[in-house]
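Ligands are counted one by one from 1 in listed order, and the atoms in each one are counted from 1 as well.
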Amino acid sequence: MRMVIMGPPGAGKGTQAVVLAAALGVPHISTGDIFRANVSQGTPLGVQAKAYMDAGEYVPDGLTNAMVRDRLSKSDCSGGFLLDGYPRTLEQVEELDSVLAGIGAGVEKVVELTVDVDEVVSRLLGRSAEQGRSDDGEEVIRRRLELYFDATAPLTAMYEKRGLLVRVSGMGTVEDVSVRVLEALGVNA
Ligand code: AMP
C-alpha cells in the first residue's frame with residue numbers, strides 16, 4: 001500500500017502515522033523526522049534545512065524532493081510506504097507522481113486528518129511546552145498553520161478528484177482517531 005497522510009500541524013498526523021504504518025506493515029516516512037535527524041546530526045542537509053524549519057517555512061522543494069526520492073529508492077519501500085508530511089506543495093505532488101510512475105505505480109490512498117483550528121493551536125502550544133521544539137513558538141506555530149492552509153490543504157482536492165482521498169476527523173483521543181482511520185481504510189489493527 002502506497003499511502004500519504006495529510007493534515008495541519010498539531011492534527012496528530014505523526015502519532016496516527018505510526019499506528020497506521022504498523023497496521024499496514026509498511027515503513028513510516030516522516031519528512032519532518034528526517035529533517036530533524038539531519039539537523040541534530042549537523043549534516044549538510046540539516047544545516048540547509050534548519051533556518052527554514054525554525055521560521056516555520058517549507059524547506060525548498062529541490063532539497064525535499066531529492067531527500068524523498070532517495071528514501072523511496074530504499075528496498076524497504078518496495079512493498080509500500082506511508083508518507084507523513086509529504087507532499088506539501090504542487091511540485092512535491094508532481095515529484096511523487098513521477099517517482100512512482102517510474103516504477104509503474106501511484107499513490108493508492110490519501111488520508112486527511114481534519115481538525116478544529118483553535119484545537120490545533122492549543123495542542124501545539126502544549127507540545128511546545130513539553131518538548132521545547134524550536135519551531136513551536138507561538139508566532140512560528142501561526143506561520144506553520146497559515147502555510148498549511150494556504151499551500152498544502154488545497155492539494156487534497158487533486159487527490160479527491162482522483163478518488164483517493166479519505167477524510168477523517170482528527171478530533172478526540174489518539175485511540176478514537178486511530179479506530180476511525182483504520183475503519184475508514186478498512187484495515188485491521
Ligand atoms: P513536520 O514535523 O512534518 O511538521 O515538519 C517540520 C518542518 O520540517 C516543517 O515545518 C518544514 O520546515 C519541514 N518540512 C517537513 N516536511 C516538509 C516538506 N514536505 N516540504 C517542505 N518542508 C518540510
Side-chain angles (χ1 to χ4, degrees), residues 2-21 27-73 77 81-100 107 110-115 117 119-156 158-159 170 174 177 181:
R2 297 182 177 88
M3 282 196 48
V4 170
I5 186 163
M6 299 178 75
K13 235 183 330 118
T15 309
Q16 296 304 330
V18 169
V19 173
L20 182 55
H28 164 218
I29 302 175
S30 157
T31 45
D33 285 352
I34 301 175
F35 280 131
R36 279 185 288 278
N38 277 276
V39 170
S40 65
Q41 288 158 20
T43 67
L45 175 63
V47 170
Q48 285 177 286
K50 187 175 189 317
Y52 296 100
M53 296 172 75
D54 285 350
E57 301 295 335
Y58 288 166
V59 176
D61 286 328
L63 289 174
T64 307
N65 284 337
M67 178 180 91
V68 171
R69 187 178 272 276
D70 176 65
R71 181 64 188 87
L72 294 181
S73 72
C77 294
F81 51 77
L82 175 61
L83 279 167
D84 160 11
Y86 182 96
R88 269 169 147 112
T89 66
L90 183 57
E91 262 196 54
Q92 294 179 13
V93 170
E94 289 169 352
E95 172 75 6
L96 181 58
D97 284 343
S98 109
V99 170
L100 295 179
V107 173
V110 176
V111 177
E112 182 189 18
L113 288 182
T114 59
V115 287
V117 178
E119 167 73 21
V120 292
V121 171
S122 77
R123 280 190 197 177
L124 287 166
L125 289 171
R127 186 166 84 183
S128 152
E130 278 164 31
Q131 301 180 352
R133 262 175 61 163
S134 58
D135 60 354
D136 267 356
E138 190 165 348
E139 213 171 294
V140 175
I141 285 173
R142 290 197 193 288
R143 176 60 189 150
R144 290 171 65 217
L145 283 167
E146 179 184 68
L147 202 48
Y148 180 80
F149 288 110
D150 287 356
T152 300
L155 303 175
T156 59
M158 302 182 55
Y159 289 121
V174 168
V177 179
V181 168

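Rounding to the nearest 0.5 Å places CG of Leu83 at 5.5 Å from CG of Leu72. Here CG of Asn38 is found 9.0 Å from CE of Met53. Values are rounded to the nearest 0.5 Å.
The side chain to side chain contact (heavy atoms under 4.5 Å, CB included) test with Val4 singles out one residue from Leu96, Val111, Val93, and that residue is Leu96. No option in Glu146, Glu138, Glu139 other than Glu138 meets the salt bridge (Lys or Arg N to Asp or Glu O under 4.0 Å) test with Arg142.
Annotation for Ser30 and Arg36: closest pair OG-NH2, 4.5 Å, computed over non-hydrogen atoms. Here the closest heavy-atom approach between residue Thr152 and residue Arg88 is recorded as OG1-O, 2.7 Å.
Checked by distance only, ligand 1 and Gly85 come closer than 3.5 Å through their nitrogen or oxygen atoms.
Closest heavy-atom approach to atom 14 (N) of ligand 1 within the set Tyr52, Tyr148, Phe35: this belongs to Phe35. Closest heavy-atom approach to atom 1 (P) of ligand 1 among the candidates Glu91, Arg88, Met53, Gln92: Arg88.
Short contacts between ligand 1 and Arg144, defined as distances under 4.0 Å to a heavy atom of the residue, involve ligand atoms 4 (O), 10 (O). Shown in contact with Thr31 at under 4.0 Å from a heavy atom are these atoms of ligand 1, numbered in order with element: 15 (C), 16 (N), 17 (C), 19 (N). Interface of Thr64 with ligand 1, defined as ligand atoms under 4.0 Å from a residue heavy atom, comprises 18 (C), 19 (N), 20 (N), 21 (C).
With a 4.0 Å cut-off on non-hydrogen atoms, Val59 touches ligand 1 through its backbone as well as its side chain. Contacts of Glu57 with ligand 1, taken as heavy-atom pairs under 4.0 Å, involve the backbone alone.
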